[in-house]
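Numbers here are sequence positions counted from 1.
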Amino acid sequence: MKKYLALLCALLAVLLCACGPAEPEPEEEEKGPIERKSLSVEVSRGDLPAEELSRAVRELPKALKAALAEQGVEAETVTLSVGSSPAATAQAAGEGGVDVAFLPAEDFAALENPPRLLLTAGDGEEGAMAAIVRPEDEVLSGEDFARALAAAVNGLRAEWPVFGSYDYAWAEPEVGAAG
């Protein structure tokens with residue numbers, strides 16, 4: 001019996017040694033800030049009064065730059081322009097004239113060849129909004145930038161009606177969708 005016990009202990013020792021130490025879990029790579037030389041944003045005119053749009057053009061870039069920095073997006077300059085119509089705003093983003101454009105969701109849905117949808121707000125409600133980006137810019141089209149932009153805009157939305165009245169969320173691309 002002692003022989004079997006000794007043999008069993010030896011077998012157990014061999015099995016434990018064969019397993020070796022557990023490999024450590026790979027650590028998630030820490031991401032640095034998203035850095036941009038400039039970020040150009042365009043909003044659609046909508047029903048906002050001229051005074052509100054003028055104030056947004058003057059003051060919102062500084063507020064948006066600070067809000068984005070809090071979310072890990074560092075931009076040397078942030079500019080804001082106002083499109084004459086939702087179609088003009090969408091065209092500006094689609095042709096690369098601006099980096100990010102905000103327009104009513106119904107106008108986005110009516111576009112024949114829309115730029116990449118990045119954020120949505122309002123989920124089909126009246127006054128729902130969409131944010132679109134230049135599709136060829138991988139950083140702007142990515143999840144990290146989308147989530148940072150949504151958080152920044154949601155923090156500013158109460159004071160800046162150009163963003164609409166609903167919280168923004170990342171519009172996850174469909175599997176296999178080009179964009």
Side-chain angles (χ1 to χ4, degrees), residues 33-137 139-172 179:
I34 296 171
E35 295 180 353
R36 305 283 304 179
K37 182 106 175 131
S38 65
L39 183 68
S40 57
V41 178
E42 184 161 302
V43 296
S44 182
R45 181 174 196 78
D47 297 333
L48 294 172
E51 308 84 51
E52 185 61 41
L53 293 170
S54 178
R55 181 177 84 91
V57 169
R58 283 189 324 270
E59 300 173 18
L60 185 54
K62 183 177 178 182
L64 186 55
K65 180 179 177 178
L68 284 167
E70 289 176 13
Q71 300 301 322
V73 177
E74 303 286 336
E76 285 183 35
T77 61
V78 174
T79 58
L80 180 83
S81 57
V82 178
S84 58
S85 69
T89 299
Q91 182 179 0
E95 293 178 354
V98 296
D99 296 317
V100 181
F102 291 85
L103 66 154
E106 64 188 38
D107 292 308
F108 172 79
L111 296 173
E112 285 185 33
N113 295 311
R116 163 84 166 86
L117 178 64
L118 186 68
L119 304 175
T120 59
D123 197 29
E125 302 291 323
E126 184 176 328
M129 297 287 288
I132 55 180
V133 295
R134 293 184 297 131
E136 69 277 2
D137 190 318
V139 173
L140 294 179
S141 296
E143 179 181 359
D144 292 340
F145 178 75
R147 292 190 187 281
L149 180 62
V153 170
N154 290 339
L156 296 171
R157 206 176 36 72
E159 185 180 347
W160 298 99
V162 296
F163 294 125
S165 57
Y166 296 103
D167 277 343
Y168 285 83
W170 178 44
E172 296 181 52

Pair V98-S81, side chain to side chain contact (heavy atoms under 4.5 Å, CB included): steps then yes or no: CA-CA 9 Å; V98 296; S81 57; 4.1 Å; yes
Side chain to side chain contact (heavy atoms under 4.5 Å, CB included) between V153 and F102, intermediate numbers included: CA-CA 11 Å; V153 170; F102 291 85; 3.8 Å; yes
Criterion side chain to side chain contact (heavy atoms under 4.5 Å, CB included) on L140 and L118, from CA distance to verdict: CA-CA 8 Å; L140 294 179; L118 186 68; 5.9 Å; no
Stepwise side chain to side chain contact (heavy atoms under 4.5 Å, CB included) check, R36 with V139: CA-CA 9 Å; R36 305 283 304 179; V139 173; 4.1 Å; yes
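In this structure, CG on L156 lies 6.5 Å from CG on L60, to the nearest 0.5 angstrom. Taking CG of L117 as the start and CD of E172 as the end, the distance is 11.5 Å to the nearest 0.5 Å. Rounding to the nearest 0.5 Å gives a distance of 7.5 Å between OG1 of T89 and CD1 of I132. In this structure, CD on E136 lies 7.5 Å from OG on S141, to the nearest 0.5 angstrom. The CG atom of L39 sits 10.0 Å away from the CG atom of L80 when rounded to the nearest 0.5 Å. Atoms CE and CZ, from M129 and F163 in turn, are 8.5 Å apart once rounded to the nearest 0.5 Å.
Counted within 6.0 Å of CD on E106, heavy atoms from surrounding residues, nucleotides or ligands total 12 or fewer; the atom is thus considered open. A 6.0 Å sphere centred on CZ of R157 holds more than 12 heavy atoms belonging to other residues, nucleotides or ligands.
Of the possible donor and acceptor atoms, one in the side chain of K65 sits under 3.5 Å from a partner among the backbone N and O of E76. Between the side chain of N154 and the backbone N or O of Y168, at least one donor-acceptor pair lies under 3.5 Å.
The salt bridge (charged side-chain N to carboxylate O under 4.0 Å, His left out) test with D99 singles out one residue from K37, R116, R134, and that residue is R134.
Looking at every heavy atom in both residues, P161 comes nearest to L48 through CB-CD2, 3.9 Å. Here the closest heavy-atom approach between residue A128 and residue Y166 is recorded as N-CE1, 4.1 Å. Heavy-atom minimum distance, R55 versus E159: NH2-O, 3.0 Å. A90 approaches P115 most closely through the heavy-atom pair O-CG, 3.6 Å. In this structure, G97 and S40 approach most closely via the heavy-atom pair O-OG, 4.1 Å. In plain terms, the two heavy atoms of L68 and A148 that are nearest each other are CD2-O, 4.2 Å.
Contact check for V73 versus L149: no side-chain heavy atoms found under the 4.5 Å cut-off.
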